[in-house]
Structures are given as structure tokens and as C-alpha cells.
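Report on the following structure.
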Amino acid sequence: AAALATAAPAATPARSPAADPRVTCGSAGLVPKTGWYEGLLPADHPNYAYLSQAPGRFVRLHEGPRMLTLGVVPAIDEALVVWTWLREK
């Protein structure tokens, strides 16, 4: 299975220094690199504050399969979500 975990890590994963330039992926896009990702909406989106605190915004996936969706409502706004790679483990 592609998803290794869907619960948030014990602490917010620190960004690895090797993570820049940022590796990102849109919802349902191909996962570019194995590791932990954080999915967020743009800061000016009405649901940003709520979803930026949701434990489900962290996922750990293997490179290759499709990225998960964050579950944004309305569903059309899922296209605004950017998943940013945080670290491998």
C-alpha cells in the first residue's frame, strides 16, 4: 500500500535542511519522493485555519503512487492544496 501512515507524527516534523528547494505535489498528483508530507491550503482560503490544525494534513507515502486528498469542502478547492515534503522519516 502507498500510505504508510495517516496519523500525524508525534511532533510536527522538522523540515530537513536537504528539503530545499521544496518538493511539492498537488492532491491526486504523483508522489515525487518518499517521506512525510504536509497538505495545506493557501493562507487566504476560508478553511485554512481549520485544516492547518487537522492531524490528517500529515501523511507518509512512498514515491510513485497518487497523493491523497485533504478532504477540502467544497471539493473543487482540493485543487488548491499543496502537499510539501518535510522529511524522509
Side-chain angles (χ1 to χ4, degrees):
L4 300 176
T6 56
T12 301
R15 286 189 52 76
S16 165
D20 287 319
R22 291 188 174 165
V23 175
T24 61
C25 178
S27 290
L30 295 177
V31 176
K33 186 174 181 177
T34 298
W36 282 99
Y37 286 82
E38 180 180 22
L40 291 172
L41 285 163
D44 62 350
H45 191 279
N47 292 328
Y48 171 82
Y50 171 73
L51 290 172
S52 69
Q53 299 302 310
R57 76 185 189 279
F58 294 109
V59 296
R60 186 170 191 284
L61 300 169
H62 285 290
E63 179 180 345
R66 297 256 174 225
M67 179 55 78
L68 304 177
T69 58
L70 193 56
V72 177
V73 176
I76 195 163
D77 285 357
E78 189 72 41
L80 301 173
V81 174
V82 174
W83 293 88
T84 302
W85 185 88
L86 301 172
R87 65 179 190 199
E88 188 172 343
K89 295 180 181 183

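Model, not experiment: these values are computed from the prediction.
Although no hydrogens or angles enter the test, the distance criterion places no donor-acceptor pair under 3.5 Å between the side chain of E78 and the main chain of S27. Counting only distance, with no hydrogens or angles, the side chain of W85 and the backbone of T34 share a donor-acceptor pair below 3.5 Å. Side chain of R57 to main chain of S52: a donor-acceptor pair is present (N/O by atom type, distance under 3.5 Å, no hydrogens or angles). Side chain of N47 to main chain of V72: no donor-acceptor pair is present (N/O by atom type, distance under 3.5 Å, no hydrogens or angles).
Nearest heavy-atom pair, L30 versus C25, reported as atom, atom and distance to 0.1 Å: O-SG, 3.3 Å. For the pair W83 and L68, the tightest heavy-atom approach, listed with the atom from each and the gap, is NE1-O, 3.4 Å.
Hydrophobic clustering places L80 together with Y50 (ILVMFWY residues linked when any side-chain heavy atoms are closer than 4.5 Å, directly or through intermediates). V82 and M67 are assigned to two separate hydrophobic clusters, defined by single-linkage of ILVMFWY side chains at heavy-atom distances under 4.5 Å.
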Handout entry: side chain to side chain contact (heavy atoms under 4.5 Å, CB included) between R60 and E88, worked out
Key = CA-CA 8 Å; R60 186 170 191 284; E88 188 172 343; 4.3 Å; yes
Handout entry: Derivation of the side chain to side chain contact (heavy atoms under 4.5 Å, CB included) call for H62 and V31
Key = CA-CA 7 Å; H62 285 290; V31 176; over 6 Å; no
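Between L51 and L70 there is a side-chain heavy-atom pair separated by less than 4.5 Å.
With sequence neighbours excluded, the residues forming a side-chain contact (heavy atoms from CB on, under 4.5 Å) with P74 are I76, D77, listed by chain and number.
Partner of Y37 under the side-chain contact (heavy atoms from CB on, under 4.5 Å) criterion, out of L86, T84, T24, V23: V23 alone.
We find that E63 and K33 are not joined by a salt bridge, their nearest charged nitrogen and carboxylate oxygen being 4.0 Å or further apart.
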